[in-house]
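This report concerns only the one structure given below.
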Amino acid sequence: MTRPFDTPPLEPAPPGELGPHAPARGAVPDLRGGLRRLSRGLIAYGIIGLIVAGLGLGALAWVNGRIESLGDRVETSVDTLATTMERTAQALDDASTTAGTFTVTLERSAEAVTSAADTIRSVRTNLETLENVLSTINILGLTPLGPAADAVGGIADSIEGLDTRLAGIGESLDANRDALDASAASIGRLADSTAAAAERLRSGVVEASLDDVRVVILVMLFMFVVWSAVPAVGALVFGVWLRRQVGGSVAPS
């Protein structure tokens with residue numbers, strides 16, 4: 001049996017007397033007013049906590065919807081970006097193939113120009129030799145082939161230095177071929193990297209990362225709701241119980 005809140009506890013009887021006896025009424029303070037205020041405070045705290053928990057649930061649903069919408073937009077953007085990167089990789093691969101083919105053309109051109117330079121050098125030497133031979137022919141003190149020798153010498157003079165220029169062109173073509181070959185290799189590596197990035201985007205790694213972020217955010221919001229709701233429910237239940245107990249206590253006489 002529980003005693004009313006306004007009934008003071010019984011004190012033990014002094015020596016020589018039988019049974020406990022009640023102390024003086026004025027020695028025990030009346031706690032009902034404070035308990036009523038405490039119960040109202042607990043009930044108010046519980047109601048406010050439940051309101052906060054409800055707002056947290058609303059925020060949880062809103063954030064979930066926003067993240068789902070964001071996921072749809074990200075998926076569309078990632079698909080477009082992956083398509084663009086795949087086309088870029090294909091264009092780079094085509095450029096690398098074209099550069100590689102042109103490298104072969106430059107190599108053959110360099111060989112042809114170098115060969116032409118060697119041929120011109122040999123022709124000029126032969127023309128100079130022929131000029132000398134024609135100019136040495138003397139018949140009765142006359143050089144009937146002198147004009148021919150002069151013509152041959154003029155041809156040799158006109159092609160003088162051409163072999164050197166052609167040799168320089170051949171060397172430039174060789175250097176351009178090496179540079180273009182290096183560029184073709186670089187473009188090919190860039191095409192491979194771009195294709196790998198597009199494949200990674202296609203694999204869904206971005207969507208998976210966004211789902212992980214979504215789970216973390218939802219779990220944090222759910223823990224906030226639980227953290228707000230559990231104490232609020234406890235405070236509300238205890239406040240209602242305490243109010244009933246205080247309200248049902250016997251008034252002092």
Side-chain angles (χ1 to χ4, degrees), residues 1-85 197 200-253:
M1 296 295 293
T2 59
R3 59 184 179 82
F5 285 99
D6 59 346
T7 303
L10 298 178
E11 296 182 355
E17 297 183 6
L18 297 177
H21 69 285
R25 174 69 65 177
V28 179
D30 188 1
L31 301 178
R32 288 179 301 169
L35 292 176
R36 288 193 185 95
R37 289 192 295 272
L38 177 61
S39 66
R40 286 196 295 269
L42 290 174
I43 293 173
Y45 172 80
I47 293 174
I48 294 174
L50 290 179
I51 292 174
V52 172
L55 293 176
L57 286 176
L60 181 65
W62 181 79
V63 169
N64 184 44
R66 294 293 297 175
I67 293 179
E68 286 184 355
S69 177
L70 176 62
D72 295 337
R73 294 196 301 270
V74 168
E75 183 177 359
T76 302
S77 300
V78 166
D79 183 70
T80 303
L81 181 59
T83 302
T84 303
M85 294 185 69
R200 183 172 177 80
L201 288 176
R202 291 288 189 191
S203 65
V205 62
V206 177
E207 291 84 351
S209 300
L210 186 61
D211 288 338
D212 293 339
V213 174
R214 172 188 177 187
V215 170
V216 171
I217 294 176
L218 293 182
V219 168
M220 291 180 63
L221 287 176
F222 180 76
M223 292 301 297
F224 170 76
V225 171
V226 173
W227 189 269
S228 302
V230 172
V233 172
L236 183 61
V237 172
F238 182 68
V240 172
W241 176 83
L242 184 60
R243 186 179 184 83
R244 289 178 179 176
Q245 294 297 321
V246 173
S249 61
V250 179
S253 55

From D79 atom CG to T84 atom OG1, the distance as rounded to the nearest 0.5 Å: 9.5 Å
Inter-residue atom distance I217.CD1 - R66.CZ, 0.5 Å rounding: 12.5 Å
Side-chain heavy-atom pair L60, N64 within 4.5 angstrom cut-off: no
Least distance between heavy atoms, Y45 atom then A235 atom: CD2-CB, 3.3 Å
Set of side chain to side chain contact (heavy atoms under 4.5 Å, CB included) partners for R37, sequence neighbours left out: R40
Separation between CG of L42 and CH2 of W241, rounded to the nearest 0.5 Å: 11.0 Å
S69 (side chain) donor-acceptor with G65 (main chain) under 3.5 angstrom: no
Spacing of CZ belonging to R243 relative to CZ belonging to F238, to within rounding of 0.5 Å: 14.0 Å
Heavy-atom closest contact (S39 atom, G239 atom, distance): CB-O, 3.4 Å
Side chain proximity check, V63 to R214, heavy atoms < 4.5 angstrom: no
Minimum heavy-atom distance A82-R202, with the two atoms named: CB-NE, 3.6 Å
Beyond-backbone contact of L236 with L50, side-chain heavy atoms, under 4.5 angstrom: yes
Residues in side chain to side chain contact (heavy atoms under 4.5 Å, CB included) contact with L210, at least two apart in sequence or another chain: L70, V74
Candidate pair T76 and D72, rule side chain to side chain contact (heavy atoms under 4.5 Å, CB included), full reasoning: CA-CA 6 Å; T76 302; D72 295 337; 5.6 Å; no
Exercise: identify the closest heavy-atom pair between S228 and V52: OG-CG1, 3.9 Å
Flag side-chain contact, heavy atom, 4.5 Å: V216 against D212: no
